[in-house]
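The chains referred to below are lettered A, B, ... by the order of the sequence lines, with proteins before strands, and numbering in each begins at 1. FYI, side chains are in, hydrogens and waters are out, and symmetry mates aren't considered; it's all heavy atoms of this structure.
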Amino acid sequence: MRYWLMKSEPDVYGIEHLAKEPTKTTAWWGVRNYQARNFMRDDMAVGDLAFFYHSSCPEPGIAGIVKVVKRAYPDATQFDRASKYHDEKATLEAPRWFNVDVKLVKRTPLLPLAELRAHPELADLRILQRGNRLSITPVEPGHWQFVMQLLDPH
DNA sequence: GCCAACGTTGGC
DNA sequence: GCCAACGTTGGC
């Protein structure tokens with residue numbers, strides 16, 4: 001089982017939206033970056049845990065924890081001509097884009113990006129690397145544990 | 001709004 | 001296959 005960090009813009013879809021879903025579950029669709037897609041399609045398994053990260057907002061940071069509850073399957077929006085995520089090169093036989101389903105495990109007090117940066121133990125965390133733009137990144141178990149400790153010191 | 005960093009596109 | 005131009009991301 002692996003750990004991940006998944007970015008979302010709270011204006012578009014934040015942890016509050018997820019918390020309001022009847023099943024507290026959502027499809028993580030709209031990824032249009034090959035590296036992020038590969039992580040989802042090839043490496044994400046049911047039971048994997050991820051930090052839900054708020055980006056492009058006044059207070060970027062970790063806002064909660066989610067769990068993968070459904071393995072990668074084709075992202076429906078790639079076939080939808082009306083969607084801005086439509087991809088004319090994608091076919092049903094050879095879908096290009098995928099999503100997974102994630103379920104809210106728990107919301108957390110916001111752990112701001114600035115605080116993540118303040119801990120030398122997290123210096124190698126992918127999200128903190130210069131120029132990082134990947135919306136989905138793996139998190140090493142050691143980093144995961146460290147952040148969990150920050151979220152809940154007891 | 002600025003700008004650095006990166007991915008994608010397209011001409012050659 | 002190279003690489004310049006362009007678009008996007010995302011923190012500040």
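Residue A:Arg37 contributes atom CZ, which lies 14 Å from atom C1' of B:dT8 at whole-angstrom precision. With rounding to whole Å, A:Arg133 atom CZ is found 14 Å from C:dG7 atom P. Rounded to a whole Å, the CG atom of A:Leu113 is 10 Å from the C1' atom of C:dG10. At whole-Å resolution of the value, CD in A:Glu59 and P in C:dG10 are 18 Å apart. Note: CZ (A:Arg130) to C1' (C:dG11) measures 11 Å, nearest angstrom. A:Asn132 has its CG atom 13 Å from the C1' atom of B:dA4, to the nearest Å. Rounded to a whole Å, the CG atom of A:Leu128 is 17 Å from the C1' atom of B:dA4. Atoms CD (A:Glu9) and P (C:dG10) sit 7 Å apart, rounded to a whole Å.
Under the 30°/60° scheme for interplanar angles, the aromatic rings of A:Tyr13 and A:His17 are found to lie parallel.
Residues A:Trp4 and A:Asp48 bring a donor and an acceptor atom of their side chains to less than 3.5 Å of each other. Checked by atom type, the side-chain pair A:Asn99/A:Tyr73 shows a donor-acceptor distance below 3.5 Å. In the model, A:Ser55 has no side-chain atom that pairs as donor or acceptor with a side-chain atom of A:Arg133 under 3.5 Å.
Taking every side-chain heavy atom of A:Asn33 into account, B:dG7 is the closest of B:dG7, B:dA5, C:dC12.
The phosphate of B:dC6 (OP1 or OP2) has no side-chain N or O of A:Tyr34 nearer than 4.0 angstrom. Contact annotation: A:Lys7 reaches the phosphate of C:dG10 (side-chain N/O to OP1 or OP2, under 4.0 Å).
Across all strands, A:Arg32 comes closer than 4.0 Å to no nucleic acid atom at all (heavy-atom distances).
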